[in-house]
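For reference, the structure is listed below as structure tokens.
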Amino acid sequence: MVVGAGPAGNNAALILAKNGFKVRVFDSRTEIGNKLCTGIIGNECANRFPIAESLVYSEPKSARLITPDSDSLEFHVAFPQAKIIDRVSYVHSFAKKAMAEGAQYHLGESVLNLEPHESSVRIKTEHRHYETKTVIIAAGFSSNLTQKVGLGRVSDYVTAVQAQVKTGIAGQTEVYLGQDIAPGFFGWVVPQRSGRSLVGILARSRPQQYMNRFLDKLYLEGSIGDITKPPAKWGIPLRPLKDTVGDRILIVGDSAGQVKPTTGGGIYYSLVSSEIAADV
């Protein structure tokens with residue numbers, strides 16, 4: 001059984017189902033892949049875990065870094081180093097393949113408790129009880145299941161806040177630095193399609209206050225227009241769990257703190273860790 005239908009959970013389910021295992025996937029949400037994310041993956045991720053061209057918004061060959069005193073530095077490369085993607089549809093594509101291989105999905109069904117025993121793991125959800133031989137926990141950073149199985153939780157994290165805004169002609173990806181923007185971290189503007197961009201910041205404290213200030217700054221500068229999706233927050237782990245395995249339990253992805261702490265990127269690490277878990 002797999003808890004969580006994000007990139008880690010879906011890819012683990014796909015590999016296991018392909019190899020003849022009976023797999024059930026549980027997720028408290030009803031829409032697969034619908035998690036806040038900026039949706040940038042590097043070429044290494046795209047090559048190893050291919051994405052349909054229709055899900056790629058752009059393949060940037062440049063980016064702009066804005067310093068605390070509003071100077072800017074542009075980076076240009078001959079070939080794209082990353083893809084800006086439709087994250088929801090990309091994650092959902094792994095689930096569709098897993099279903100085609102026979103994995104059963106239980107959406108809108110939260111796992112409340114796990115009890116490892118000598119020869120099985122007993123699972124309690126909102127609706128019923130199940131029994132399985134092994135569980136992969138891929139339920140994201142907010143899940144308390146890692147604590148319930150005695151492996152604690154990630155000790156260090158940052159909060160991300162992101163909104164979708166109207167923009168004019170699609171510009172570059174921009175990274176903003178400075179204590180007034182996001183102390184210790186950074187802010188970003190990432191163009192999507194149809195005159196829309198994602199604007200966000202990372203902060204350890206007062207994230208909404210810094211986000212409001214950042215949005216006001218960009219609006220007054222004429223860089224962005226009206227907000228089309230209001231700011232929303234999510235937690236990003238910055239340090240991995242000390243132990244990611246227990247009796248008949250494997251933990252992967254954000255639940256295990258398997259992210260790139262410099263940027264908070266987690267899609268590629270979730271997919272790689274789920275491959276390892278499925279192999280085990």
Side-chain angles (χ1 to χ4, degrees), residues 1-37 39 41-42 44-56 83 85-112 114 120-143 145-146 149 234 244-245 248-256 258-259 265-280:
M1 295 191 182
V2 178
V3 185
N10 290 333
N11 194 47
L14 169 59
I15 296 169
L16 291 168
K18 265 187 172 181
N19 282 279
F21 288 90
K22 293 180 181 177
V23 184
R24 293 182 190 268
V25 182
F26 297 89
D27 199 300
S28 59
R29 296 165 295 186
T30 55
E31 185 181 352
I32 295 173
N34 186 18
K35 177 199 163 188
L36 289 163
C37 181
I41 60 171
E44 186 176 352
C45 178
N47 292 336
R48 187 163 170 178
F49 304 99
I51 178 171
E53 286 300 318
S54 61
L55 304 183
V56 178
K83 298 178 189 291
I85 66 167
D86 178 345
R87 191 259 190 202
V88 173
S89 297
Y90 182 48
V91 173
H92 197 278
S93 69
F94 289 91
K96 285 166 67 174
K97 292 174 187 175
M99 291 177 195
E101 294 290 344
Q104 297 182 42
Y105 274 68
H106 298 250
L107 301 179
E109 187 169 357
S110 297
V111 172
L112 305 178
L114 303 171
S120 67
V121 183
R122 293 171 191 166
I123 295 180
K124 179 184 178 183
T125 74
E126 294 172 308
H127 305 314
R128 55 174 287 193
H129 291 77
Y130 300 87
E131 195 161 355
T132 184
K133 288 187 174 181
T134 310
V135 174
I136 293 177
I137 298 176
F141 175 62
S142 61
S143 171
L145 292 178
T146 57
V149 297
W234 76 100
T244 59
V245 294
R248 300 183 174 275
I249 302 286
L250 293 161
I251 305 171
V252 295
D254 281 11
S255 290
Q258 293 162 339
V259 303
I267 295 175
Y268 184 44
Y269 301 91
S270 289
L271 294 171
V272 170
S273 64
S274 63
E275 274 192 339
I276 297 168
D279 185 50
V280 170

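Heavy-atom basis, side chains included; hydrogens, waters and symmetry copies ignored.
Without hydrogens or angle criteria, S255 side chain to A139 main chain gives a donor-acceptor distance under 3.5 Å. Looking at N19, its side chain does come within 3.5 Å of a backbone N or O of I15 through a donor-acceptor pair. Panel note: side chain S274, backbone L271; a donor-acceptor pair is recorded below 3.5 Å. At least one donor-acceptor pair closer than 3.5 Å links the side chain of R248 to the backbone N or O of K133.
With contacts defined as side-chain heavy-atom distances shorter than 4.5 Å, the pair K83/L55 does not qualify. Proximity of E126 to L112: side-chain heavy atoms (C-beta onward) are separated by under 4.5 Å at one or more points. In this structure the side chain of L16 reaches within 4.5 angstrom of the side chain of I136, judged on heavy atoms. Side-chain contact between E109 and R128 is present, with heavy atoms from C-beta onward closer than 4.5 Å. In this structure, I137 and L114 have side chains that are in contact, with non-hydrogen atoms separated by less than 4.5 Å. At a threshold of 4.5 Å between non-hydrogen side-chain atoms, the residues I267 and Y90 count as touching.
Annotation: side chain to side chain contact (heavy atoms under 4.5 Å, CB included) contacts of A256 (sequence neighbours excluded): T244, I251, Q258.
Look at D254 and K35 and you find a salt bridge, because one of the NZ, NE, NH1 or NH2 atoms lies within 4.0 Å of a carboxylate O, short of that distance.
Atom OG1 of T132 is separated from atom CZ of R122 by 12.5 Å, given to the nearest 0.5 angstrom. From R87, atom CZ reaches atom CD1 of I41 across 11.0 Å, with rounding to the nearest 0.5 Å. Interatomic distance, NZ of K22 versus CD of Q104, reported as 9.0 Å (0.5 Å rounding). Separating the OG atom in S142 from the CH2 atom in W234 is a distance of 13.0 Å, to the nearest 0.5 Å. Considering OG of S93 and CZ of F49, their distance stands at 11.5 Å, rounded to 0.5 Å.
Closest heavy-atom contact between F26 and V111: CB-CG2, 3.7 Å. Taking each heavy atom of R29 and G6 in turn, the nearest pair found is NH2-N, 4.5 Å. Across all non-hydrogen atoms, the minimal contact from G253 to S270 is CA-OG, 3.6 Å. The two residues A8 and V252 make their nearest non-hydrogen contact at CB-CG2, 3.7 Å. Closest approach of A5 to D27, counting heavy atoms only: N-OD2, 2.7 Å. When all heavy atoms are compared, the tightest approach of N11 to E275 is ND2-CG, 3.8 Å.
Sparse packing is recorded around CD of E44, with 12 or fewer heavy atoms of other residues, nucleotides or ligands lying under 6.0 Å away. Annotation for F21: atom CZ does not count as buried by contact number, only 12 or fewer foreign heavy atoms lying within 6.0 Å.
Checked options I249, L250, L145; the residue passing with V135 is I249 (criterion: side chain to side chain contact (heavy atoms under 4.5 Å, CB included)). Among N10, V25, I32, V23, the single residue meeting the side chain to side chain contact (heavy atoms under 4.5 Å, CB included) criterion with M99 is I32.
Looking only at atom types and distance, the side chain of H106 has a donor-acceptor partner in the side chain of R24 under 3.5 Å away.
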